[in-house]
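Remember, predicted model here, so these are calculated numbers, not experimental data.
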Amino acid sequence: MNRIGFTTSIPVEIILAAGKIPVDLNNIFIEHPQAQQLITQAEEAGYPRNTCGWVKGLYAVAATHDFESLIAVMQGDCSNTQALMETLVLKGYKIMPFAYPFDRERKALEEQFNKLMAFFNVNQDELLAVWRNLKHVRQLCRELDLMTWRDNLISGWENHRCLVSSSDFNGDPAEYADKLETFLNEARTRKPFKDQVRLAYIGVPPIFTDFYEVVESMGARVVFNEIQRQFSMPYEAADPVEQYLLYTYPYGAFARLPDITHELALRDVDGVIHYTQTFCFRQIEDIIYRDKIKLPLLTLEGDKPGKLDSRSRMRLESFISMLKT
Ligand code: SF4
């Protein structure tokens, strides 16, 4: 009951400063051995078939696990979060809302920090102490990312796996840092990948379980996982509020684009995969990325957890073959 669930990245430092365990519900869902079963459970509870798989997964995770309370990001993440949380109130959950201001206004975000700190009874000094402590692990995440695109020592899957977990550090930042350090030391002894095709992955993390494996079997490697990298808070910031203002994901496509275009050039990327989730409002943003990104771009849609379907495999294969020529 010491565990605090949340629907997307929030200032995890506040939860840690309160002596609680942060748990990103998305990570529990996608790593669940019966993720598909969780979706069925949500549908049996009444979730419509045409609701995003992640939302159904999050509902089922929260409904079947014990959390002391849940933090719901009401602005800056998902248009379905309000209804998701309302159905969890029915289950007896205490919900703490959090909102990223769309205009990225510092004062408005500070107010959100203050509310969350008051809820968890955390003061400024306690927050700063944890924030400073996490600098080391965040630096390791940056190192992992550099070793992926610059040194070519780390696969797209390994990069994804580590960075996607940086939203909650698997509940224990010290253990996460130890494991990551060991992994990086091992990776330094590898021979570099010789990529035929270098890909960028933009969009929410894939619901497919074998996406990276399939891409690599086709002679390509993902050298940029956009949102997963954002979860690790990749920029140096002067204070915690600034860190979450620099974080691009909650502030829309036009806040994400400068980071995306900068990294595409830096990482010498050949092509971009824009992942979209079936029934997600973010599919509309594909129009913007197609217009603004001046590299070949494949839009890939996923629905339920599991392996890539044959149509998506074929589309990936054609895209990668085209980039090889
Ligand atoms: S994929 Fe889209 S609809 Fe689904 S949880 Fe994420 S933001 Fe919401």
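- Taking every heavy atom of both residues into account, F319 and P296 meet most closely at CZ-O, 3.6 Å.
- Between M147 and L184, some side-chain heavy-atom pair lies under the 4.5 Å cut-off.
- Shown are P173, C141, P234; of these, the side-chain contact (heavy atoms from CB on, under 4.5 Å) with S166 is made only by C141.
- For the pair L70/L88, a side-chain contact is recorded, criterion being any heavy-atom separation below 4.5 Å from C-beta on.
- In summary, the side chains of Y247 and D259 do not present any donor paired with an acceptor at a separation below 3.5 Å, with no hydrogens or angles considered.
- Inter-residue side-chain proximity for I15 and I10 is flagged as met; some heavy-atom pair is nearer than 4.5 Å.
- Within a 6.0 Å sphere centred on CE of M322, heavy atoms belonging to other residues, nucleotides or ligands number more than 12.
- Within the 4.5 Å cutoff, the side chain of T7 has no heavy atoms near those of the F98 side chain.
- Not a single donor-acceptor pair under 3.5 Å links the side chain of S165 to the backbone N or O of N170.
- The distance from atom CG of N26 to atom CD1 of I207, rounded to the nearest 0.5 Å, is 9.5 Å.
- Residues D270 and L199 have side chains not in contact (no heavy-atom distance under 4.5 Å, counting atoms from C-beta outward).
- For R49, the CZ atom counts as loosely surrounded, since its 6.0 Å shell holds 12 or fewer non-hydrogen atoms of other residues, nucleotides or ligands.
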Q: For W54 and F29, run ring pair (Phe, Tyr, Trp, His ring centres under 6.0 Å): C-alpha distance rounded to whole Å, both residues' side-chain angles, the deciding distance at 0.1 Å, then the answer.
A: CA-CA 8 Å; W54 286 97; F29 164 55; 5.4 Å; yes
Q | D309 and S312: CA distance, side-chain angles, deciding distance, side-chain hydrogen bond (donor to acceptor under 3.5 Å, both in side chains) verdict | A | CA-CA 5 Å; D309 56 279; S312 299; 2.8 Å; yes
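- Of all heavy-atom pairs between V164 and N27, the closest is O-ND2, 3.5 Å.
- Residue I273 holds its CD1 atom at 6.5 Å from CG of L300, rounded to the nearest 0.5 Å.
- In this structure, Y212 and P206 approach most closely via the heavy-atom pair CE1-CG, 4.0 Å.
- Relative to the six-membered ring of W131, K135 meets both conditions, a distance below 6.0 Å and an angle of at most 45° to the axis.
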Q. Taking it one step at a time, do Y275 and E226 satisfy side-chain contact (heavy atoms from CB on, under 4.5 Å)?
A. CA-CA 11 Å; Y275 176 80; E226 185 235 344; over 6 Å; no
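- By the neighbour-count criterion of 12 heavy atoms within 6.0 Å, atom NZ of K107 is sparsely surrounded, having that number or fewer from other residues, nucleotides or ligands.
- Of all heavy-atom pairs spanning V122 and A17, the tightest one is CG1-CB, 3.7 Å.
- Of the candidates R256, Q230, R104, Q230 is the only one forming a side chain to side chain donor-acceptor pair (under 3.5 Å) with T248.
- If you check the side chains of T148 and D145, you find no donor sitting under 3.5 Å from an acceptor.
- Counting heavy atoms from C-beta on, the side chains of E242 and R106 come closer than 4.5 Å.
- Under a 3.5 Å cut-off, the side chain of N159 and the backbone N or O of V223 do not form any donor-acceptor pair.
- Between R161 and E158 there is no salt bridge, since no side-chain N of the basic residue sits under 4.0 Å from a carboxylate O of the acidic one.
- Using modelled atom types and a 3.5 Å distance limit, the side chains of E43 and T40 yield no donor-acceptor pair.
- The closest side-chain heavy-atom distance from K304 to Q36 is below 4.5 Å.
- Aromatic ring orientation, Y249 versus F231: perpendicular (interplanar angle above 60°, classes split at 30° and 60°).
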Q: List the steps and the verdict of ring pair (Phe, Tyr, Trp, His ring centres under 6.0 Å) for F211 and Y201.
A: CA-CA 11 Å; F211 168 77; Y201 177 99; 5.3 Å; yes
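- Going from atom NE2 of H274 over to atom CZ of R290 covers 9.0 Å, rounded to the nearest 0.5 Å.
- Rounding to the nearest 0.5 Å gives a distance of 10.5 Å between CD1 of I39 and CG of L58.
- Note: Y176 and F169 have perpendicular aromatic rings, judged against thresholds of 30 and 60 degrees for the angle between ring planes.
- The aromatic rings of Y47 and Y59 sit tilted, their planes meeting at an angle between 30° and 60°.
- For the salt bridge (charged side-chain N to carboxylate O under 4.0 Å, His left out) criterion with R138, the lone passing option out of E143, E13, E236 is E13.
- Other residues, nucleotides and ligands contribute at most 12 non-hydrogen atoms within 6.0 Å of the CZ atom of F102.
- Closest heavy-atom contact between I227 and G203: CG1-O, 3.1 Å.
- For the 3.5 Å distance criterion, the side chains of R198 and N152 qualify, holding a donor opposite an acceptor.
- Using a 4.0 Å cut-off between a side-chain N of Lys or Arg and a carboxylate O of Asp or Glu, K115 and E111 do not qualify as a salt bridge.
- The local environment of CG in N121 is sparse, with at most 12 non-hydrogen atoms from other residues, nucleotides or ligands closer than 6.0 Å.
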Q: Quick one: do Y289 and L257 satisfy side-chain contact (heavy atoms from CB on, under 4.5 Å)? Show the steps, please.
A: CA-CA 8 Å; Y289 298 120; L257 269 167; 3.9 Å; yes
Q: Go through Q277 and Q283 one step at a time and tell me if the side-chain hydrogen bond (donor to acceptor under 3.5 Å, both in side chains) criterion holds.
A: CA-CA 7 Å; Q277 180 67 36; Q283 286 189 311; over 6 Å; no
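- Rounding to the nearest 0.5 Å places CD1 of I95 at 11.5 Å from CD of Q82.
- Applying the 6.0 Å contact sphere to CZ of R315 captures more than 12 heavy atoms from other residues, nucleotides or ligands.
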Q.
Working note: I21 + I4, criterion side-chain contact (heavy atoms from CB on, under 4.5 Å); need CA distance, chi angles, decisive distance, verdict.
A. CA-CA 6 Å; I21 300 170; I4 308 297; over 6 Å; no
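- Within a 6.0 Å radius of NZ in K324, more than 12 heavy atoms belonging to other residues, nucleotides or ligands are found.
- Atom-to-atom distance recorded for F113:CZ and M117:CE is 8.5 Å, nearest 0.5 angstrom.
- In this structure the side chain of L127 reaches within 4.5 angstrom of the side chain of P240, judged on heavy atoms.
- When each of M74, Q75, M85 is checked for a side-chain contact (heavy atoms from CB on, under 4.5 Å) with P97, only M74 meets the rule.
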Q.
Working note: E68 + R3, criterion salt bridge (charged side-chain N to carboxylate O under 4.0 Å, His left out); need CA distance, chi angles, decisive distance, verdict.
A. CA-CA 6 Å; E68 184 180 300; R3 292 165 11 120; over 6 Å; no
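- Scanning both residues, L264 and A200, for their nearest heavy atoms gives CD2-CB, 3.4 Å.
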